[in-house]
Amino acid sequence: MAQSKLPSNTYSKIYDVVRQIPPGKVATYGQVAELAGLFGKPRVVGYALFRVAEPDDSIPWQRVVNSKGEVSYSQVRNGSDYLQRHLLEEEGIEFKKNGKIDLNIYRWNTDPTNINF
DNA sequence: TACTTGACATATA
DNA sequence: ATATATGCCAAGT
């Protein structure tokens, strides 16, 4: 029974959550982790995205940012540090002068109990 | 099998 | 705001 070929169920959950992120919105690792059932384990999310970003381009891993509202550049990614920001701007996300994103606006509403506007 | 590293988050100083 | 410390889990070596 070889199952090492397919990704872990945990990862599949993460991928599914990331694909659910609508365009023009961003989600934090903690947010994705929570939706994926990995509450409190954002590192697994980051690692999962790092793993999936290569074989699967269908996953908008760029829409996943850290809690600081900054885009996490992967030094070992395509080598384009600005590519990330560029794609997000294409989505309609605007960056601050600090290079940060207004999570207050662009944060993906995954919390129905949260007050929107 | 054990240790180290990692696209993070939260708390504390 | 920055730096340090801790937690959590998986993959790499």
Side-chain angles (χ1 to χ4, degrees):
Chain A
M1 308 358 179
Q3 53 212 13
S4 51
K5 279 294 185 77
L6 297 175
S8 302
N9 188 13
T10 309
Y11 278 11
S12 300
K13 201 71 180 288
I14 296 171
Y15 306 149
D16 187 41
V17 173
V18 177
R19 290 184 209 214
Q20 291 176 55
I21 301 176
K25 296 267 182 165
V26 293
T28 63
Y29 288 93
Q31 195 117 29
V32 176
E34 182 181 357
L35 296 173
L38 298 171
F39 179 73
K41 306 159 190 113
R43 304 191 75 160
V44 185
V45 179
Y47 213 88
L49 289 173
F50 170 68
R51 281 294 177 196
V52 83
E54 299 195 58
D56 196 330
D57 295 343
S58 303
I59 300 182
W61 52 275
Q62 335 223 152
R63 293 180 188 145
V64 186
V65 299
N66 56 28
S67 63
K68 288 172 277 191
E70 307 177 35
V71 183
S72 302
Y73 299 111
S74 41
Q75 52 181 326
V76 289
R77 255 315 278 168
N78 296 335
S80 308
D81 48 348
Y82 63 95
L83 174 63
Q84 198 111 13
R85 174 172 172 172
H86 176 71
L87 292 174
L88 287 175
E89 289 182 315
E90 290 285 294
E91 296 289 311
I93 298 173
E94 189 172 358
F95 280 70
K96 296 287 245 190
K97 298 181 76 173
N98 317 6
K100 292 188 179 178
I101 307 174
D102 284 336
L103 290 179
N104 305 302
I105 304 175
Y106 298 109
R107 195 165 207 197
W108 182 29
N109 327 359
T110 48
D111 191 354
T113 59
N114 186 15
I115 303 176
N116 236 355
F117 281 70

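These values consider heavy atoms only, across backbone and side chains, with no hydrogens, waters or symmetry-generated copies. Letters A, B, ... are given to chains in the order of the sequence lines, protein chains preceding strands, and every chain is numbered from 1.
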Between [N] atom [atom2] and [X] atom [atom1], what is the distance in whole Å?
X	N	atom1	atom2	value
A:Trp61	B:dG6	CH2	C1'	16 Å
A:Leu49	C:dC9	CG	P	18 Å
A:Tyr29	B:dC8	OH	P	6 Å
A:Lys96	C:dA1	NZ	P	13 Å
A:Lys13	C:dA10	NZ	P	14 Å
A:Leu35	B:dC8	CG	C1'	16 Å

State, yes or no, whether a side-chain contact exists between [X] and [Y] at a heavy-atom distance under 4.5 Å.
X	Y	result
A:Gln20	A:Trp108	yes
A:Leu88	A:Val71	yes
A:Ser72	A:Val65	no

Side-chain donor-acceptor pairs under 3.5 Å in residues 89-105 of chain A, sequence neighbours left out?
residue	atom	partner	partner atom	Å
A:Glu91	OE1	A:Gly24	N	3.4
A:Glu91	OE1	A:Arg63	NE	3.3
A:Glu91	OE1	A:Arg63	NH2	2.7
A:Glu91	OE2	A:Arg63	NH2	3.4

Would you please confirm or rule out a distance under 4.0 Å between OP1 or OP2 of C:dG12 and any side-chain N or O of A:Arg51?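 So the side-chain polar atoms of A:Arg51 do come within 4.0 Å of the phosphate oxygens OP1 or OP2 of C:dG12, strictly under.
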Below 4.0 Å: OP1/OP2 of B:dA9 and any side-chain N or O of A:Ser67: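 Affirmative; the distance criterion is met.
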Just the table, please: protein N/O against nucleotides 1-3 of chain B N/O, every pair under 3.5 Å.
none

Test for a donor-acceptor pair under 3.5 Å between the base of C:dA10 and the side chain of A:Tyr11, counting only N and O atoms.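 When only heavy-atom distances are counted, A:Tyr11 does not reach the base of C:dA10 through any donor-acceptor pair under 3.5 Å.
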Could you check A:Lys100 against A:Tyr47 and say which one's nearest nucleotide on DNA chain C is further toward the 5' end?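 Its nearest nucleotide being more 5', the pick is A:Lys100.
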When you group the ILVMFWY residues by side-chain heavy-atom contacts below 4.5 Å and let the links chain together, are A:Tyr47 and A:Val64 in the same group?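 Hydrophobic grouping puts A:Val64 with A:Tyr47.
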Heavy-atom pair of closest approach, residues [X] and [Y]:
X	Y	answer
A:Ala48	A:Tyr15	O-CE2, 3.6 Å
A:Thr28	A:Ser67	CG2-CA, 4.2 Å
A:Ile14	A:Val44	CD1-O, 3.9 Å

Is there any protein nitrogen or oxygen under 3.5 Å from a nitrogen or oxygen in nucleotides 3-7 of chain C, and what are the pairs?
residue	atom	partner	partner atom	Å
C:dG7	O6	A:Arg43	NH1	2.9

Which one is paired to C:dG12, where only Watson-Crick or G-U wobble pairs with both distances under 3.5 angstrom count?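 Pairing partner, where one exists within any strand: B:dC3.
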State whether a side-chain donor-acceptor pair under 3.5 Å links A:Arg19 with A:Ser58.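 The criterion, which ignores hydrogens and geometry beyond distance, is not satisfied for A:Ser58 and A:Arg19.
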Any idea which of B:dA7, B:dA9, B:dG6 is nearest the A:Asn66 side chain?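 It is B:dA9.
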